[in-house]
Amino acid sequence: MEPGLMEYLITYDVDTTTKQGERRLRRVAKVCEGYGIRVQKSVFEVTCTAAQLPSLRQQLIDIIDAQADSIRLYRLTAGSLRAVECLGAARLAPHHGDHIL
C-alpha cells in the first residue's frame, strides 16, 4: 500500500421511504464512488489520505438526515483490503495500482 493511505469500509443505510430519501441515497453513493469502490449495494471499500478523510466525512454529514439515516466508517489495518476473502459471486476490488477516473 502507498505510504499515507488509509483503508476504510463504509456502510450506509439511508431511509428511502420518501423521494428526498431516495435522492439522499443516490448522493451518498455518488460521494462514496468518488473515494472508493462499491463492493455491495451499500458498502464501499475506500482508500484515502488523512487529508481527504475530513472532506469525505463532511460531504456525507451534509447529505444525510441524522434522524433517519446511518453511515458507518470502519478504519481498517493497512493492507486489510488485500486480504479480503470473497465467497460466492463477490470479486476482489482493485484498490492498488493505476486507476482511470
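For this chain, numbers begin at 1 and follow the sequence in order.
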Using the side-chain contact (heavy atoms from CB on, under 4.5 Å) rule, pick out the option among Gln52, Gln59, Arg57 that qualifies with Ser55.
Gln59
Report the distance from atom CE of Met6 to atom OG1 of Thr77, rounding to the nearest 0.5 Å.
13.0 Å
Name the one of Leu53, Leu81, Leu76 that satisfies side-chain contact (heavy atoms from CB on, under 4.5 Å) with Tyr8?
Leu53
Provide the full list of side chain to side chain donor-acceptor pair (under 3.5 Å) pairs with a residue in residues 63-72, sequence neighbours left out, each pair given once.
Arg24-Asp69
Output the distance between atom CG (Leu56) and atom CG (Leu73), rounded to the nearest 0.5 Å.
6.0 Å
To the nearest 0.5 Å, tell me how far Leu60 CG sits from Ile71 CD1.
4.5 Å
Looking only at heavy atoms, what is the nearest atom pair of Glu7 and Thr47, with distance?
CG-CG2, 4.0 Å
To the nearest 0.5 Å, how far apart are CZ in Arg75 and CG in Leu9?
14.0 Å
Which residues pass the side chain to side chain donor-acceptor pair (under 3.5 Å) test with Thr17, not counting sequence neighbours?
Asp15
Rounded to the nearest 0.5 Å, how far apart are CD1 of Ile63 and CD of Gln58?
10.5 Å
I want to check something: taking the side chain as every heavy atom from C-beta on, are Glu33 and Arg38 in contact at a cut-off of under 4.5 Å?
yes
If you round to the nearest 0.5 Å, how far is CG of Leu5 from OG1 of Thr49?
7.0 Å
